[in-house]
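Working notes, beginning with the structure itself.
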Amino acid sequence: MKTYPIEIELNGEQHRLEVEAGETLLEVLREKLGATEVKNGCGKGDCGACAVLVDGKAVNACLTLAIQADGKRVTTVRGIGTEQNPHTLQRSFVEHGAIQCGFCTPGMIISAKALLDRNQRPSREEVREAISGNLCRCTGYKKIVQAIEDAALKGQP
């Protein structure tokens, strides 16, 4: 099968690789670049577990072709904070017990980050809208919404 060269910046690190025309960004991130923090949920864009930032915009990696990310900056949940210095959103999710099993958490945090990057003081309705494409099967969304609102109040680093 024919491959195409692409170059992407993943969490601040440049990568050059060959991808097939139909390969998704999710497949490339997980299987070729080892970014397993990007979860493979439904594969249909319904659950948001695979959400990443592409040039600052939240997208479902399962619905994005890898070739579409050529020349772009891709950020996963690992790229917005570190274990030693977590992002305000990451700390807030832990503090509010909004992480449950953790499977949806990376996508939730990415969607919340995209929201707070464009709107530092969102209303509760705007928070709910921002995460409406992310499904959590563990619990309701109360703690998740509270964590995002709290992070907004604290401001981003």
Side-chain angles (χ1 to χ4, degrees), residues 1 3-119 127-139 141 143-145 147-148 151 156-157:
M1 182 164 284
T3 61
Y4 301 87
I6 67 167
E7 185 171 325
I8 63 172
E9 178 187 311
L10 175 61
N11 298 332
E13 189 173 308
Q14 288 295 127
H15 296 273
R16 289 182 183 185
L17 58 153
E18 297 282 326
V19 299
E20 295 177 8
E23 257 183 311
T24 66
L25 182 58
L26 174 63
E27 292 168 327
V28 168
L29 291 174
R30 287 185 56 87
E31 297 165 18
K32 293 184 174 176
L33 299 176
T36 55
E37 69 275 20
V38 182
K39 302 303 180 195
N40 186 358
C42 66
K44 299 176 186 171
D46 289 337
C47 73
C50 64
V52 296
L53 297 173
V54 175
D55 285 346
K57 181 180 176 190
V59 301
N60 288 326
C62 71
L63 297 180
T64 304
L65 293 175
I67 203 160
Q68 292 175 292
D70 184 28
K72 300 196 175 167
R73 183 174 34 93
V74 177
T75 306
T76 70
V77 72
R78 191 177 291 171
I80 65 170
T82 66
E83 193 171 325
Q84 295 76 29
N85 188 23
H87 186 275
T88 303
L89 275 165
Q90 293 165 324
R91 279 195 307 270
S92 189
F93 267 63
V94 171
E95 290 167 3
H96 286 272
I99 50 177
Q100 297 293 316
C101 82
F103 194 79
C104 71
T105 304
M108 289 281 187
I109 289 176
I110 288 294
S111 294
K113 174 89 168 83
L115 169 66
L116 297 184
D117 284 348
R118 67 177 188 277
N119 180 357
V127 169
R128 289 178 188 252
E129 176 64 26
I131 61 170
S132 64
N134 299 82
L135 298 179
C136 173
R137 291 180 170 85
C138 293
T139 183
Y141 295 84
K143 291 179 180 180
I144 294 167
V145 170
I148 296 168
Q156 295 190 63

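The first residue in the sequence is number 1, and the count goes up from there.
With sequence neighbours excluded, no residue satisfies salt bridge (charged side-chain N to carboxylate O under 4.0 Å, His left out) with R128. Judged as a side chain to side chain contact (heavy atoms under 4.5 Å, CB included), and not counting sequence neighbours, the contacts of Y141 are M108, I131, L135, C136, I144, V145. The side chain to side chain donor-acceptor pair (under 3.5 Å) test applied to N40 returns no partner, not counting sequence neighbours. Listed by chain and number, the residues in a side chain to side chain donor-acceptor pair (under 3.5 Å) with S132 amount to none (sequence neighbours excluded). Every residue meeting the salt bridge (charged side-chain N to carboxylate O under 4.0 Å, His left out) condition with K32, not counting sequence neighbours, appears here in chain and number order: E23. Residues passing the salt bridge (charged side-chain N to carboxylate O under 4.0 Å, His left out) test with R16 are E7, sequence neighbours excluded.
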Let me have the donor-acceptor pairs involving side chains of residues 58-68, under 3.5 Å, with sequence neighbours excluded, atom names and distances please.
residue: N60; atom: ND2; partner: G45; partner atom: O; Å: 3.4
residue: T64; atom: OG1; partner: N60; partner atom: O; Å: 2.9
residue: Q68; atom: OE1; partner: L65; partner atom: N; Å: 2.7

Using a 3.5 Å cut-off and no angle test, enumerate the donor-acceptor pairs between side-chain atoms of residues 77-84 and protein atoms at least two apart in sequence or in another chain.
residue: R78; atom: NH2; partner: E37; partner atom: OE1; Å: 3.3
residue: T82; atom: OG1; partner: Q84; partner atom: N; Å: 3.4
residue: T82; atom: OG1; partner: N85; partner atom: N; Å: 2.7

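A side chain to side chain donor-acceptor pair (under 3.5 Å) check over residues 95-109, counting only residues at least two apart or in different chains, returns the pairs E95-K154, H96-D150. Judged as a salt bridge (charged side-chain N to carboxylate O under 4.0 Å, His left out), not a single pair has a partner in residues 43-57 (not counting sequence neighbours).
Two residues are said to be in side-chain contact when any heavy atoms from C-beta on lie closer than 4.5 Å; P5 and E18 meet this criterion. Contact annotation: the side chain of V19 never approaches that of T3 to less than 4.5 Å [non-hydrogen atoms, C-beta and beyond].
Under a 3.5 Å cut-off, the side chain of R30 and the backbone N or O of T36 do form a donor-acceptor pair.
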